[in-house]
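One structure is given below, encoded as structure tokens.
From a predicted model like this one, the values you see are computed outputs, not experimental measurements.
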Amino acid sequence: MGCAISGLAAKSEFAEKTSEDAAAAAYPSEDQIQMIKDSWKVIRDDIAKVGIIMFVRLFETHPECKDVFFLFRDVEDLERLRTSRELRAHGLRVMSFIEKSVARLDQLDRLEALALELGKSHYHYNAPPKYYSVRPPMIPNSFELLFFVTSLMNQGYQEESARQRQLALSPKERPDKRNTAL
């Protein structure tokens, strides 16, 4: 492909999980964590460029994903996307989140909390979990981290969805709010 990340590490059993399996993803093993850290070293020096490339390829291979991004959903010209400041900013935010995630691989409780919160915020962006496991072909299979994080994001999204449904119920309908008046 001509980019630094196209030839990274080989597949592992963790990377071969389907999107349905991602919901039940386990913590990465020590070997997987080391592979993730080694892969990130190759990518991190140019994360803004990688973020743009990642999203442009995502939209090329999965155009339905553009529907989630109101700023990009009507843009047909992918060249225009490559030079979009908004796409660059979003790509950088995503890559920065990945960088934070890699840094927290040795503190999985903190990584889990970070990913759950991201999933909850995606509920408010109206970005459903079906898009989380869709990834462009350029993301190396050694990026097991994405499977782990997206499964946690899905969990966070579901938790926030349930919380919002609970808030929408009237006080009488809420199972956790019993009428204690005599």
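Listed here is the closest heavy atom pair of Leu152 and Leu116: O-CD2, 3.3 Å. For the pair Leu111 and Leu145, the tightest heavy-atom approach, listed with the atom from each and the gap, is CD2-CD1, 4.0 Å. Here the closest heavy-atom approach between residue Gln158 and residue Pro129 is recorded as NE2-CG, 3.5 Å. Of all non-hydrogen atoms in Glu160 and Tyr123, the two that sit nearest each other are CG-CD2, 3.6 Å.
Between Phe55 and Phe72 there is no side-chain heavy-atom pair separated by less than 4.5 Å. Counting heavy atoms from C-beta outward, Ile43 and Trp40 have side chains that approach closer than 4.5 Å. In this structure, Asp106 and Lys37 have side chains that are in contact, with non-hydrogen atoms separated by less than 4.5 Å. By the 4.5 Å heavy-atom criterion applied to side chains, Asp109 and Glu112 are not counted as neighbours.
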*Check step by step if side chain to side chain contact (heavy atoms under 4.5 Å, CB included) holds for Leu87 and Phe59.*
CA-CA 11 Å; Leu87 184 61; Phe59 296 152; 4.2 Å; yes

*Carefully, step by step, assess Leu92 and Ile47 under the rule side chain to side chain contact (heavy atoms under 4.5 Å, CB included).*
CA-CA 7 Å; Leu92 189 56; Ile47 62 173; 3.8 Å; yes

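Remark: the Glu30 side chain and the Gln34 side chain contain no N/O donor-acceptor pair separated by less than 3.5 Å.
With values rounded to the nearest 0.5 angstrom, Glu64 atom CD is found 8.0 Å from Leu58 atom CG. To the nearest 0.5 Å, atom CG of residue Leu78 and atom OG1 of residue Thr83 are 11.0 Å apart. Note that CG of Asn126 and CG of Asp67 are 11.0 Å apart. Values are rounded to the nearest 0.5 Å. Atom CD in Glu60 sits 9.5 Å away from atom CG in Leu81 (nearest 0.5 Å). Distance check, rounded to the nearest 0.5 Å: SG of Cys65 to NZ of Lys130 gives 9.0 Å. With rounding to the nearest 0.5 angstrom, the CZ atom of Arg110 is 12.0 Å from the CG atom of Leu105.
Not one N or O on the side chain of Tyr132 forms a donor-acceptor pair closer than 3.5 Å with the backbone of Val149. Under the 3.5 Å distance criterion, the side-chain polar atoms of Ser161 are left unmatched by any main-chain donor or acceptor of Tyr157.
Considering only residues two or more places apart in sequence or on other chains, Glu117 meets the salt bridge (charged side-chain N to carboxylate O under 4.0 Å, His left out) condition with Lys120. Scanning for ring-ring contact (aromatic ring centres under 6.0 Å, His included) contacts around Tyr125 gives His122, with sequence neighbours left out. A search for side-chain hydrogen bond (donor to acceptor under 3.5 Å, both in side chains) contacts involving Ser101 returns nothing, not counting sequence neighbours. Scanning for salt bridge (charged side-chain N to carboxylate O under 4.0 Å, His left out) contacts around Glu79 gives Arg82, with sequence neighbours left out.
For Lys49, the NZ atom is loosely surrounded, since the number of other residues' heavy atoms within 6.0 Å does not exceed 12. The number of heavy-atom neighbours closer than 6.0 Å to CZ of Arg73, taken from other residues, nucleotides and ligands shown, is above 12. Within a 6.0 Å radius of CZ in Arg104, other residues, nucleotides and ligands contribute more than 12 heavy atoms.
Residue pairs meeting the side chain to side chain donor-acceptor pair (under 3.5 Å) criterion with at least one member in residues 89-100, sequence neighbours excluded, are His90-Arg93. The ring pair (Phe, Tyr, Trp, His ring centres under 6.0 Å) contacts involving residues 98-117 comprise nothing, where partners must be two or more places apart or lie in separate chains.
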